Visitor: 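Please see the structure below; I have some questions.
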Amino acid sequence: MWSNHEFETRAVAEWVHWQDGDVASPIHLSSTYELPGIDQEMSLEDIDPEQGEFIYQRLSNPTRFAVEQQIAGLEGGEFGFTFSSGTAAISTALLSVVNPGDHVVAFDDLYAGTRRMFEGLFDEHLNIDVEFVDARETDAVESAVRPETALVWMETPTNPLIQLCDIKAIAQLADHNDAVFGVDNTFASPYHQRPLDLGADLVAHSTTKYLNGHSDGVGGALVTDSETIAESVQFLQQVALGNQLSPFDSYLLSRGIKTLPMRMRQHEANATALAEFLTTHDLVEQVRYPGLESHPQHDIARAQMTGYGGVLSFDLVGGIPEAKAFCESLQVATLAVSLGGVETLVNHPATMTHEPLGAERRAAVGIGDGLIRVSVGLEAIEDLIADFEHGLAAVRSTHQQRVRNQ
C-alpha cells in the first residue's frame, strides 16, 4: 500500500489497519491467541499475520509484525524481521546463509562486538572460515573471495573509523561468485543509505540506534528481498532461536521511526558543523566524517548515500590522558556507549567499546588511544561547539603538563 510513497510518508504510516482504527500501533502483550477451532490440515506455515492470524507470540505478534513491515518498507525490501538486539539480528543473518566449512569475507573494521562474534563463535566453534579484509578497496574483497565463499559481510560507514566500502561494486562481485552480500546499515539508517537498491541481498540494523532514536529500546532488524533467505531467517527467529523483539520494544521502535527523517536531517546538519569546527583545531590531528571533502572516501559517500549521517570520529593529540581530560570535561555531551539517540554521546573506543580487542589488534586496525567517537545529537549546535571547546581546553592543559614533565 505504502511502497510508492515518499520516505517521510512511509515512516509515519501505519502499515497495518488496526480493527479499532488506531493511528498508533497498539501494544499487544498477549503471549497466546484464541483459535477458532481444531484443523487437522493447519500447520504453522498457514498462520498469516497479514490476515490478522496469530497463534503464539514467539511465532508472531501484531505489534512486532507492524514494525517489521514498516522497516522493510523503509529499506525497500519485501521481508522484514526484528530481533532482541542488533547482535541477535547479525548472528541470525549468518546462521541463515552459512554452513560448516563455508568461507566468509568481512570488513576488518567491523564493530568490535560483531568481530568478536565472527571470530569467537563462527570461526572457532562453528567451523566457518572468516577472513577479514580492508574493504575500502574492492580489489581486496575480490582477492579474498573463493569458491567456498558463502557470504560477504560489510559495515559502511564503519564503527569507529567511519570507513566506507563501495556497496554497488561489492554487490556485483558477490553476485558473480554466488555469494550472499549482507550490509550492516546501522550508521547510515535507511534514510541516508539503502543497500538493497545498490545490489545487497540482506540488510541489518541495530534498531537500538537511529531507528529507535531515543536510547530507550534495544533491538535489531533484518530486511531482504530473497524469499529463500527470508524463509531461513524466519525459521531461526521463530523456531530455532526465539530471539524476537518484544511487543513493548516493537512499539517504541515504531514510534521512533516516525520521526526518523527529521532527526536524521538534524543529526547530519549538526555533525557537519561540528566536524568542520574540529578540522580547524590545533589539538585535533584528524577528523573522520564522510561529509567532509577531506574524507578519503567522500566520493563514494556522495555516490551511494543521500546524506552523511550523524557519527564522526577524531584523533586528539597525545593519548589516553588527553582523551580522559576531554571526555570528563564535557557538560552537554554525555560519555556513554551506543549512538543514534537524540542526545550527543561521546565514546572513547580504546577503553570502552573496542577495549576487548586488545591494544595490538586496535593498533592494527587504526584505533589509537586518542580516538574519540561522537554520535552527534539534536542539541543546539552552538552549545555543542562551546562544550567541545571546553573539553579541548582541558586537553590543552593536560598535554602541556605532560610535555613539561617529559
Side-chain angles (χ1 to χ4, degrees), residues 109 111-113 157-163 186-187 206 208-210 213-216 267 270-289 292 309-363 365-406:
D109 187 30
Y111 163 60
T158 62
N159 180 9
L161 296 177
I162 322 298
Q163 297 176 345
T186 297
F187 268 36
S206 169
T208 311
K209 312 305 192 294
Y210 284 115
H214 293 79
S215 302
D216 58 7
H267 282 304
N270 279 357
T272 300
L274 187 59
E276 290 173 347
F277 159 73
L278 290 169
T279 60
T280 66
H281 205 284
D282 64 310
L283 295 176
V284 175
E285 295 181 332
Q286 181 180 3
V287 181
R288 300 177 176 88
Y289 182 64
L292 295 175
V311 183
L312 61 87
S313 64
F314 62 95
D315 293 291
L316 289 167
V317 298
I320 289 181
E322 286 81 0
K324 178 179 172 67
F326 176 80
C327 293
E328 295 180 357
S329 297
L330 298 173
Q331 298 173 342
V332 175
T334 300
L335 180 64
V337 298
S338 198
L339 58 100
V342 295
E343 63 287 308
T344 296
L345 299 181
V346 171
N347 169 43
H348 182 237
T351 60
M352 294 168 63
T353 50
H354 289 68
E355 185 277 333
L357 289 182
E360 185 176 343
R361 179 70 63 79
R362 289 195 302 272
V365 298
I367 300 174
D369 288 343
L371 180 68
I372 304 292
R373 188 194 73 193
V374 186
S375 173
V376 185
L378 307 184
E379 301 91 345
I381 189 58
E382 296 84 359
D383 292 332
L384 286 177
I385 289 176
D387 196 36
F388 275 56
E389 286 178 330
H390 181 72
L392 289 165
V395 172
R396 188 178 303 282
S397 177
T398 300
H399 190 64
Q400 289 174 344
Q401 184 63 44
R402 287 186 68 197
V403 170
R404 284 194 295 268
N405 292 339
Q406 287 179 351

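Only heavy atoms go into these numbers, but all of them, side chains included; no hydrogens, no water, no symmetry mates. In this text the structure is predicted, and so the values were computed from the model without any measurement.
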Visitor: Quick check for you: to the nearest 0.5 Å, what is the distance between Leu392 atom CG and Ile385 atom CD1?
Guide: 11.5 Å
Visitor: Answer yes or no: is there a donor N or O on one side and an acceptor on the other, between the side chain of His281 and the main chain of Leu283, under 3.5 Å?
Guide: yes
Visitor: Return the OG1 to CZ distance between Thr351 and Arg362, rounded to the nearest 0.5 Å.
Guide: 8.0 Å
Visitor: For a quick test of reading the model, state the closest non-hydrogen atom pair linking Gly368 to Ala350 and the distance between them.
Guide: O-CB, 4.1 Å
Visitor: So, Ser206 side chain and Thr186 main chain: donor-acceptor pair closer than 3.5 Å or not?
Guide: no
Visitor: Could you grab the distance from atom OH of Tyr111 to atom OG1 of Thr353, nearest 0.5 Å is fine?
Guide: 7.0 Å
Visitor: Looking only at atom types and distance, does a side-chain atom of Asn270 sit under 3.5 Å from a main-chain N or O of Val376, one as donor and one as acceptor?
Guide: no
Visitor: Are side-chain heavy atoms of Asp109 and Pro160 found at a separation under 4.5 Å?
Guide: yes
Visitor: Is the side chain of Thr280 donor-acceptor paired with the backbone N or O of Phe277 at a distance under 3.5 Å, no angle test?
Guide: yes
Visitor: Distance from Cys327 atom SG to Asn347 atom CG, nearest 0.5 Å?
Guide: 8.0 Å
Visitor: Would you confirm whether Ser313, through its side chain, and Leu161, through its main-chain N or O, come within 3.5 Å as a donor-acceptor pair?
Guide: no
Visitor: Would His214 and Val342 count as a side-chain contact (heavy atoms from CB on, under 4.5 Å) here? Give the steps.
Guide: CA-CA 6 Å; His214 293 79; Val342 295; 4.0 Å; yes
Visitor: Would one find more than 12 heavy atoms of other residues, nucleotides or ligands at under 6.0 Å from atom CD of Glu360?
Guide: no
Visitor: What do the steps show when you test Arg361 against Ile367 for side-chain contact (heavy atoms from CB on, under 4.5 Å), and what is the final call?
Guide: CA-CA 9 Å; Arg361 179 70 63 79; Ile367 300 174; over 6 Å; no
Visitor: Any chance the rings of Phe388 and Phe326 have centres within less than 6.0 Å?
Guide: yes
Visitor: Decide ring pair (Phe, Tyr, Trp, His ring centres under 6.0 Å) for Tyr210 and His267; before the verdict, give the C-alpha distance in whole Å, the side-chain angles of both, and the deciding distance to 0.1 Å.
Guide: CA-CA 10 Å; Tyr210 284 115; His267 282 304; 5.1 Å; yes
Visitor: So Leu371 and His348, do their side chains get closer than 4.5 Å, heavy atoms only?
Guide: no
Visitor: Please examine the side chains of Val287 and Glu276, heavy atoms only from C-beta on, and report whether any two atoms are closer than 4.5 Å.
Guide: no
Visitor: Show your reasoning for whether side-chain contact (heavy atoms from CB on, under 4.5 Å) applies to Leu278 and Val374.
Guide: CA-CA 12 Å; Leu278 290 169; Val374 186; 5.7 Å; no
Visitor: Closer than 3.5 angstrom, by distance alone: can the side chain of Asp387 be matched with the main-chain N or O of Gln331 as a donor-acceptor pair?
Guide: yes
Visitor: Using atom types as modelled and distance alone, determine if a side-chain donor or acceptor of Ser375 lies under 3.5 Å from a backbone N or O of Leu345.
Guide: no
Visitor: Ignoring hydrogens, what is the shortest heavy-atom contact between Ser215 and Gly341? Give both atom names and the distance.
Guide: OG-CA, 3.8 Å
Visitor: To the nearest 0.5 Å, what is the distance between CG on Asp369 and CG on Leu316?
Guide: 11.0 Å
Visitor: Kindly give the heavy-atom pair with the smallest separation between Arg373 and Ser338, and that separation in Å.
Guide: NH2-O, 3.0 Å
Visitor: A side-chain contact here means heavy atoms from C-beta on lying under 4.5 Å apart; do Tyr289 and Ile162 qualify?
Guide: no
Visitor: Can you measure from CZ (Arg396) to CD (Gln401) and round to the nearest 0.5 angstrom?
Guide: 14.5 Å
Visitor: Closer than 3.5 angstrom, by distance alone: can the side chain of Glu379 be matched with the main-chain N or O of Thr344 as a donor-acceptor pair?
Guide: yes
Visitor: Donor-acceptor pair, Glu322 side chain versus Gly319 backbone, under 3.5 Å?
Guide: yes
